[in-house]
Amino acid sequence: MYMKDEYFLLLDTSTEVCSVALGNRDEIVDYEETQGSNKHAEQLADIAARMLSEIDYKRDLKGVGVSNGPGSYTCLLYTSPSPRDRTRS
């Protein structure tokens, strides 16, 4: 288990490589990337879940960063609730 108190989950699905990183303000503490543009949606959730299991994410996750790349964000659009969805729960 990692010992810093503020973490950020970093996601990039803009190319054929799906990459997920977990970092704090000082360093990247975990990183994984996979190949295959048609599998981002299924890979992203598993990788992120594994990384978040290493921290107390309800307390320590301070943000999620998404790359501003040239590709499609289809899998992120379907997994990210909009502000409107949060007010309905």
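Quick note: residue numbers are just sequence positions, from 1. Everything numeric in this text was worked out from a predicted model, so none of it was measured.
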* Asked: With a 4.5 Å heavy-atom cut-off, do Val20 and Leu9 have their side chains touching?
  ->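 Result yes, sub-4.5 Å side-chain heavy-atom pair found.
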Distance (rounded to the nearest 0.5 Å) between [X] [atom1] and [Y] [atom2]:
| X | Y | atom1 | atom2 | value |
| --- | --- | --- | --- | --- |
| Glu54 | Asp60 | CD | CG | 12.5 Å |
| Ile47 | Leu52 | CD1 | CG | 11.5 Å |
| Glu16 | Glu33 | CD | CD | 12.5 Å |
| Gln35 | Thr15 | CD | OG1 | 7.5 Å |

* **side-chain hydrogen bond (donor to acceptor under 3.5 Å, both in side chains) against Tyr57, all qualifying residues, sequence neighbours excluded** =>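 Checked Tyr57 against side-chain hydrogen bond (donor to acceptor under 3.5 Å, both in side chains); zero matches.
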* Structure fact -> With Met51 as partner, the option from Val29, Leu10, Leu61, Asp30 fulfilling side chain to side chain contact (heavy atoms under 4.5 Å, CB included) is Asp30
* Determine, using the 4.5 Å side-chain heavy-atom cutoff (strictly less than), whether Tyr31 and Leu44 are members of one ILVMFWY cluster. =>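 No, no single cluster joins them.
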* To do: Starting from the C-alpha separation in whole Å, work towards a yes-or-no answer on side-chain contact (heavy atoms from CB on, under 4.5 Å) for Asp46 and Gln43.
  => CA-CA 5 Å; Asp46 291 339; Gln43 296 168 338; over 6 Å; no
